[in-house]
There are 4 protein chains.
Amino acid sequence: MTSTDGLPAPLRGIVPPLVTPLSDPDTLDVDGLERLIEHLIAGGVAGLFILGTTGEAPNLSYRLRRELIERTCQQAALRVPVLVGVTDTSLVEAVELVRHAAASGAHGIVSASAYYFALGQAELFDYCQSLATRSPLPLFLYNMPALTKVRFELETVRRLMEIPNVAGIKDSSADMIHYHHLLALARQRPDWTVLMGPEELLGESVMLGGHGGVTGGANLAPQLYVALYEAAAVGNVEDVRRLHAQVLSLGRIYRIAGGGSSYLRGLKCALALAGICGDALAEPFQPLAGTERERVGQIVNEVMSWKVPAPTRLRSKTEATP
Amino acid sequence: MTSTDGLPAPLRGIVPPLVTPLSDPDTLDVDGLERLIEHLIAGGVAGLFILGTTGEAPNLSYRLRRELIERTCQQAALRVPVLVGVTDTSLVEAVELVRHAAASGAHGIVSASAYYFALGQAELFDYCQSLATRSPLPLFLYNMPALTKVRFELETVRRLMEIPNVAGIKDSSADMIHYHHLLALARQRPDWTVLMGPEELLGESVMLGGHGGVTGGANLAPQLYVALYEAAAVGNVEDVRRLHAQVLSLGRIYRIAGGGSSYLRGLKCALALAGICGDALAEPFQPLAGTERERVGQIVNEVMSWKVPAPTRLRSKTEATP
Amino acid sequence: MTSTDGLPAPLRGIVPPLVTPLSDPDTLDVDGLERLIEHLIAGGVAGLFILGTTGEAPNLSYRLRRELIERTCQQAALRVPVLVGVTDTSLVEAVELVRHAAASGAHGIVSASAYYFALGQAELFDYCQSLATRSPLPLFLYNMPALTKVRFELETVRRLMEIPNVAGIKDSSADMIHYHHLLALARQRPDWTVLMGPEELLGESVMLGGHGGVTGGANLAPQLYVALYEAAAVGNVEDVRRLHAQVLSLGRIYRIAGGGSSYLRGLKCALALAGICGDALAEPFQPLAGTERERVGQIVNEVMSWKVPAPTRLRSKTEATP
Amino acid sequence: MTSTDGLPAPLRGIVPPLVTPLSDPDTLDVDGLERLIEHLIAGGVAGLFILGTTGEAPNLSYRLRRELIERTCQQAALRVPVLVGVTDTSLVEAVELVRHAAASGAHGIVSASAYYFALGQAELFDYCQSLATRSPLPLFLYNMPALTKVRFELETVRRLMEIPNVAGIKDSSADMIHYHHLLALARQRPDWTVLMGPEELLGESVMLGGHGGVTGGANLAPQLYVALYEAAAVGNVEDVRRLHAQVLSLGRIYRIAGGGSSYLRGLKCALALAGICGDALAEPFQPLAGTERERVGQIVNEVMSWKVPAPTRLRSKTEATP
């Protein structure tokens, strides 16, 4: 394993996609963010990924995005690497945000592609190449076709792997067959990272060679996901089955409201009930209320009662910046 | 027909979705914009719609979007109303842009919805209501499900029609059945505007009661689209057939390159070949070149040779601001 | 207009896609079929199309399909041409059905393509060519991509137009832009027929050059659709608007139940309430009941009260077989 | 493990979806079928599944389907259970085929749903319930939403599990998250079988609790898939990784032609080159030829050179019918 400026290559473990704690739709919940980051680092995560889909990035104002980057880097204080999502429909704005991330001390960026128009593969390559060329930070590709309208096809990934600054891929497609092909491709570049998005697929993706996961539920229960990662990394199938079942069970909070924002609303509600941060969302999404909130509470109580092994080792500033 | 501050209600005629003339991917082609606006007003258009899909709005930097708004309003000089697309994933940024549009002298805004996440109908309503409430300008809904992932369902439109500041809808879904239902709904509010997006459907939409079209090809040949609109408005089926066939024929320029940006690249190439503005596009799109460019040139030459009736009356400042 | 064996070329007017009257899920309602056919011929239709989507063809047993073909041809008794849908996943079974149709006295067949696998354009061409070659009857293409998973692309249609036995196309895609391109293509073969599927698009399709419609609502109210066709054919825009609004209004019966079978269930319920045939459906579809049935009844009562002009001329055996 | 009439419950292991050997598009390759069945039984498979998607079932004539059922049951001679796909758009025809399968000595049937219309969940339930009620053989559900237009949602599966005659599900959706939820549901009925369709997902599905796979590549290399199944069943992650990589590598034969029939054409070409059966396909599909055929040949040669462990135990008539 090599490492550049505090970023292991490949990056292994759980890199949670942080929710963006808000006190109202356009105001950062500064205390909640602090608590969330400490909760995650104490839980053994291998990095922090802000401004992804789970972070509601596209729905936030640019001012708030910049503030979040600064505060996260300060709070993380080099104990774990910070990755910043910069997916934007405007490449000019994306580059601006990359520069801000670099100046704030982030370790890498994560980018899909302009997502209003449905890009072709050549345009997808151009977007990523253009961004990688102008980025002082390593770039991770973000495969999220349901929301960006385009999948990173294997040939496109292969071409992007030739750019040294492109460091890996986070696959949120939930297409496990595609993931296996991405893993096979990654063997051609040993420093290349392949991370799984959907937490329901974390166990098998790591058992079959993946490097870790960007799993939303880790905001709530980081130790559970770290334990699942670690069991999978050593091929302990029994533990994987048990912890995977717990992850599936936790996931009931994502389906309570129904609709495209159900995941975000359920997760933020759970974090509020667990005392980590408030449940305000950027417009036009609304917090859960009433019986839906109560059902999340019941599941959170269950989750809190589970015995989960402690992470085998806590990530420290020393480890992350050799 | 009533009118508020220079904006007829309903708004009738051709309101072209302006391309954004660029001299490089992040620089406005100021002279090109001036020529384009004069070309359109001379062609008899009923308004100017900037920063729509044809305007590559989501791919432009915010700085450039603001500059385009200012210069378009200045150049139009109240001769025709100016509508500004403000669709944004962040409602905060959308509101900022609305304020800039209002301060610059625009007459209305056009908005779909946050388009990264797939909104449900309740969220779509919330987004539009929130924007309408904060907008000093009338808001036109923009139905573009292929790119925004959500369709304005009839019940959502019906509820939004109850907000006085919501002035109409531009339907770019190419779903003619849905369009007919929207038209039927519009009869409940006589000042409400229903405009057609795809130019291939302009003739029939107006013959059956629609108010006009936001037709991309009008950038190149405004008189053709105005003539088609006028023939349809008076129910001259023979002329509609003939002009409609010309519109279809012109549309060959949109399919030369293939892929999602083919329309934009073909249209900008045609405008460059016609001497109106350059063919630079915002990243990651590239201008057409080589034989593709030559084929566009042949079609442009054909189009230029067509005899099209002059608009029955030129729109004037007087007419637009009673 | 030329004509072959009783089939005009092109075929103009309303060719309703007959529901299949059933007394139970696998038994033909023989009396209902007789009443339906007489109702349609009295209403001025230009032909009868059985075993289409509206006829629930794929859900019927082959025994019942053959019986329906025989009885329909007998009852029509050459007064109007009979077209038979033979779309099948197995080309062998399709050919069998074509032979049965020819032997029973049908005038043409209508075929999409094998619809279990998603065919490519080359395979779609092969399927249709193979069927046309073996068919003693003229073949109409059936463009129904939502159910067959493949669209007849223009180049495929162009190639199929070179086969003399391929007589036209019925476009049920509801994609009006594609329809316009099909119409433009059809000008290359003057005997080629282009029919519209969705009744909401009948008026405009005929005004802009189409030859007629295969409109489901004509089972209930054939005179309404014939009147709309005739107004459109002569370019009477005022009448088209009025009759088109009635067609839209009738269409409320299709959306009462919700779901993919809502159209079929609503239409059969209406026919039962109008005393034409029973409302049994092939499995797994169920007739409407309770308040849904009552709401259909209210709409049927409205429809029955409309004044619709009589067809300008009744189709007769003489006309259909010159 | 319980067993009824030779069918273990749950059914564990590899149950290959047999190609249908053809000597021409409507003629069974009787010798090829015999060789194929012996090849599979020698390879250690746990059952034979005929008339599935891989078997081109919907494209075959009914006469040929019946012949295939008879000959397969005869040749298998109770050494392994025979499952018969009976998915049909017409429930009447499906029931006919079930009866033929039962009379021929098959052990179970596999059914999706009527697939021309897009069924709702209630209709999907009705179809399966109706078929299960009339079937003398246990019914396995077939989840194939890409081709049937409807997914078996969890609540629908839960309701169908209450019917004793519904024995399990084959999930060909390639949606691994859904598969995990199906597995969790299956714990409520210990005799219920959950099989994986896509072979790229076989290893992980069995490691995480699934019972086996219906893997197309097993037609060519049954021992490879049986070995992968057995490694996964005992949690041997190292062997799973290695054999899984071989399965992915073999899968190159499916993508050589491109398009929806590429899988079928590649697989049949490989079987022909391996001397098992001919490569004729039912219309409208065509065998591979030229350089495409050569590329398949190279991959087949590679596959043949792999060392694969022998199945730990050969299935015998004794084992299958205790």
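The chains referred to below are lettered A, B, ... by the order of the sequence lines, with proteins before strands, and numbering in each begins at 1. None of these values were measured; they are calculated from a predicted model.
- The candidate from Thr87(D), Leu64(D), Leu91(D) with the greatest count of non-hydrogen atom pairs under 4.5 Å with chain C is Leu91(D).
- Proximity to chain D is absent for every atom of Phe125(C), based on heavy atoms less than 4.5 angstrom apart.
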task = Verify side chain to side chain donor-acceptor pair (under 3.5 Å) between Ser61(D) and Glu93(C), making sure each step is shown before the conclusion.
result = CA-CA 6 Å; Ser61(D) 68; Glu93(C) 301 294 344; 4.7 Å; no
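- Counting heavy-atom pairs under 4.5 Å between each of Phe117(C), Phe285(C), Tyr127(C) and chain D puts Phe117(C) at the top.
- Chain D forms the most heavy-atom pairs under 4.5 Å with one residue out of Ala122(C), Pro58(C), Pro284(C), and that residue is Pro58(C).
- Annotation: maximal heavy-atom pairing with chain C below 4.5 Å, among Thr148(D), Leu124(D), Leu60(D), occurs at Leu60(D).
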message = Is there a side chain to side chain contact (heavy atoms under 4.5 Å, CB included) between Lys149(D) and Lys149(C)? Walk through the geometry before answering.
response = CA-CA 10 Å; Lys149(D) 302 166 189 148; Lys149(C) 303 166 188 146; 3.9 Å; yes
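- Atom CZ of Arg252(D) sits in a crowded spot, with more than 12 heavy atoms from other residues, nucleotides or ligands closer than 6.0 Å.
- In this structure, Tyr115(D) and Tyr115(C) have tilted ring planes: the angle between them lies in the 30° to 60° band.
- No donor-acceptor contact under 3.5 angstrom links the side chains of Thr89(C) and Tyr116(D), judged on distance only.
- Per-residue counts of heavy-atom pairs under 4.5 Å with chain C were compared for Gly259(D), Gly260(D), Ser90(D); the largest is that of Ser90(D).
- Residue contact with chain C, scored on non-hydrogen atoms closer than 4.5 Å, involves the backbone and the side chain of Leu147(D) alike.
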inquiry  = Could you go through Arg63(C) and Val92(D), starting from their C-alpha distance and side-chain angles, then the distance that decides it, and tell me whether this counts as side chain to side chain contact (heavy atoms under 4.5 Å, CB included)?
reply    = CA-CA 10 Å; Arg63(C) 183 200 54 70; Val92(D) 177; over 6 Å; no
task = Decide yes or no on side chain to side chain contact (heavy atoms under 4.5 Å, CB included) for Asp126(D) and Glu283(C), but give the supporting numbers first.
result = CA-CA 8 Å; Asp126(D) 287 349; Glu283(C) 289 188 278; over 6 Å; no
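- At a 4.5 Å heavy-atom cutoff, the contact between Thr53(D) and chain C is made by backbone and side-chain atoms alike.
- In this structure, chain C has a heavy atom under 4.5 Å from the backbone of Ala146(D), while its side chain stays farther away.
- In this structure, chain D has a heavy atom under 4.5 Å from the side chain of Gln286(C), while its backbone stays farther away.
- There is no contact between Ala282(C) and chain D, counting heavy-atom distances below 4.5 Å.
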